Number of protein chains: 2
Amino acid sequence: MKLSTRGRYGLKAMYQLAIHYGEGPIPLKNIADAQNLSENYLEQLFSSLRKNGLLNSVRGAQGGYMLARSPRDITVGSILRTLEGNLAPADCVIDGEYDCENEENCVTKLVWMRIRDSIDEVVDSITLQDMLDEYEYMKRKNKI
Amino acid sequence: MKLSTRGRYGLKAMYQLAIHYGEGPIPLKNIADAQNLSENYLEQLFSSLRKNGLLNSVRGAQGGYMLARSPRDITVGSILRTLEGNLAPADCVIDGEYDCENEENCVTKLVWMRIRDSIDEVVDSITLQDMLDEYEYMKRKNKI
DNA sequence: TGAATGTTGACAAAAATAGTAGGGTATAAT
DNA sequence: ATTATACCCTACTATTTTTGTCAACATTCA
């Protein structure tokens, strides 16, 4: 039930981009260095995020990546699903993914559905802006 | 974020035992056959569950496994954690498991904590008895 | 032009998962 | 006592997933 590094690195990277939202394109290298990640690996993650419409890219010198829209309009759920696939704990509760015979009478399926729904509710309710706000709040609390 | 077969098979098997709770020991073979699983593999899962106090076993002819206590007192969470380990989405939110520097200022950690808590709340609130009840409910609903 | 950057697809090492295999031990029925 | 039944334990292995690496290419800016 762990997230893979794709989701974990990816969310951190997107958060970094949120910090610099509005400052124009940020080179991949900056993000990779800040988090001590392989540039090549992060590139794969960003490629997925771009294809899913969460990032924009600018090629060439002074190019880089930036959020495709406001941090307020990007949820943690959209990021994690892009990188990890559906967050359901079992394939049988992903719509159209898989059909088990005996579906009618499967009680464990109800359990997986409830887990799935609770995860979805959490991740879809948190935006990058919320994370920025939480950081400000933590900073103030720790300083005092 | 998928559960492995350990958790999925294991919960189904425990549910089977819950159905037959009070009928004395049920042979592993019965459960394995009913779910079309390898006897040897299921044995590994049952071994973990027994060591964690969720199952009792009776050796010898007419022996088998049975729930260590009432279905009402066995949660889905205790089963899944036994078989899958902690259900947290990242190691940094498992108590005493892992320390990242920068913990103070890590905002993504807050996200992982909220996911963890919501999963825990769901799985710890469902017992095997709840599953039995849900099945009865489904059966009535589908028949009418 | 040349240096900085993103784009793409193929490849590969490492780790985790999902079992298999088989011998050993305890118990109960006969 | 013997035998069948069934749990117990350890080691092994094939497969899949994860976690990257690498190389060649395209685009832009100075």
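As the structure is a prediction and not an experimental result, all values here were calculated from the model. Every chain is numbered from 1, with letters handed out A, B, ... down the list of sequences.
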For B/N86, side chain to side chain contact (heavy atoms under 4.5 Å, CB included) partners two or more places apart: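 Side chain to side chain contact (heavy atoms under 4.5 Å, CB included) list for B/N86, sorted by chain: B/A88, B/I94.
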Results of side chain to side chain contact (heavy atoms under 4.5 Å, CB included) for B/A18 - residues two or more places apart only: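 Side chain to side chain contact (heavy atoms under 4.5 Å, CB included) check on B/A18 returns B/L67, B/P71, B/L128, B/L132.
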Earlier contact from the 5' end, DNA chain D, for B/G64 and A/E43: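 This one resolves to B/G64.
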Test salt bridge (charged side-chain N to carboxylate O under 4.0 Å, His left out) applied to B/E39 - qualifying residues, sequence neighbours left out: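 So B/E39 forms no salt bridge (charged side-chain N to carboxylate O under 4.0 Å, His left out) with any residue.
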Pairwise distance CD1(B/I79) to CE(B/M14) - rounded to 0.5 angstrom: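 Going from CD1 on B/I79 over to CE on B/M14, the span is 4.0 Å.
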Sugar-phosphate only, base, or nothing, as touched by A/K2 at under 4.0 Å among non-hydrogen atoms: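 The answer is nothing, as A/K2 stays clear of every strand by at least 4.0 Å.
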Sugar-phosphate only, base, or nothing, as touched by B/F46 at under 4.0 Å among non-hydrogen atoms: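 B/F46: no heavy atom of the nucleic acid under 4.0 Å.
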Would you indicate whether the side-chain heavy atoms of [Y] and [X] approach each other to under 4.5 Å?
| X | Y | result |
| --- | --- | --- |
| B/T108 | A/R8 | no |
| A/R116 | A/L87 | no |
| A/W112 | B/L11 | yes |
| A/M1 | B/P89 | no |

Taking N or O atoms only and anything under 3.5 Å, show me the protein contacts with nucleotides 10-20 of chain C, one pair per line.
| unit_1 | atom_1 | unit_2 | atom_2 | d |
| --- | --- | --- | --- | --- |
| C/dA18 | OP1 | B/T5 | N | 3.4 |
| C/dA18 | OP2 | B/S4 | OG | 3.4 |
| C/dA18 | OP2 | B/T5 | N | 3.0 |
| C/dA18 | OP2 | B/T5 | OG1 | 3.1 |
| C/dA18 | O5' | B/T5 | OG1 | 3.4 |
| C/dG19 | OP2 | B/Y9 | OH | 2.9 |
| C/dT20 | OP2 | B/S38 | OG | 3.2 |
| C/dT20 | O4 | B/Q44 | NE2 | 2.5 |

Qualifying side-chain hydrogen bond (donor to acceptor under 3.5 Å, both in side chains) pairs with a residue from residues 59-77 of chain A, counting only residues at least two apart or across chains: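 The answer is A/T75-A/S78.
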Qualifying side-chain hydrogen bond (donor to acceptor under 3.5 Å, both in side chains) pairs with a residue from residues 21-38 of chain B, counting only residues at least two apart or across chains: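 Passing the test, one end in residues 21-38 of chain B: B/H20-B/E23, B/K29-B/D33.
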Residues within residues 13-29 of chain A bordering DNA chain C, heavy-atom distance below 4.0 Å: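 A/I26, A/P27, A/L28 - these, ordered by number, are the residues of the stretch whose heavy atoms sit under 4.0 Å from the strand.
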From B/L45, B/N56, B/L55, residue fulfilling side-chain contact (heavy atoms from CB on, under 4.5 Å) relative to B/R50: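 Of the listed residues B/L45, B/N56, B/L55, the side-chain contact (heavy atoms from CB on, under 4.5 Å) partner of B/R50 is B/L55.
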From CA spacing to verdict: side chain to side chain donor-acceptor pair (under 3.5 Å), B/S4, B/Y9: CA-CA 9 Å; B/S4 72; B/Y9 296 175; over 6 Å; no
Exercise: do B/D133 and B/Q129 side chains pair donor with acceptor under 3.5 Å: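 Yes.
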Runs of at least three Watson-Crick or G-U pairs with DNA chain D, cut-off 3.5 Å: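 Expected stems, ordered by start: C:1-30 with D:1-30.
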Heavy-atom contact window of chain B on DNA chain D, given 5' to 3' at under 4.0 Å: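 Counting from the 5' end, contacts occupy D/dT5 to D/dA11.
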Below 3.5 Å, can you tabulate the donor-acceptor pairs from side chains in residues 118-125 of chain B to any protein atom, sequence neighbours excluded?
| unit_1 | atom_1 | unit_2 | atom_2 | d |
| --- | --- | --- | --- | --- |
| B/S118 | OG | A/S118 | OG | 3.4 |
| B/S118 | OG | B/I115 | O | 3.2 |
| B/D120 | OD1 | B/R81 | NH2 | 3.0 |
| B/D124 | OD1 | B/R81 | NH1 | 3.0 |
| B/D124 | OD1 | B/R81 | NH2 | 3.2 |
| B/D124 | OD2 | B/R81 | NH2 | 3.0 |
| B/S125 | OG | B/E121 | O | 3.2 |
| B/S125 | OG | B/V122 | O | 2.9 |

Write down the protein N/O and nucleotide N/O pairs, taken from nucleotides 24-30 of chain C, whose separation is under 3.5 Å; answer none if there are no such pairs.
| unit_1 | atom_1 | unit_2 | atom_2 | d |
| --- | --- | --- | --- | --- |
| C/dA26 | O4' | B/R59 | NH1 | 2.1 |

Atom pair distance, as rounded to whole Å: CE in A/M66 and P in C/dT5: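 Rounded to the whole Å, the gap is 14 Å.
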Atom-pair distance (CG on A/L49; C1' on C/dG6), nearest Å: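 Those two atoms, CG and C1', are 15 Å apart.
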Cluster companions of A/M66 among Ile, Leu, Val, Met, Phe, Trp, Tyr (side-chain spacing under 4.5 Å):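 Cluster partners of A/M66: A/V58.
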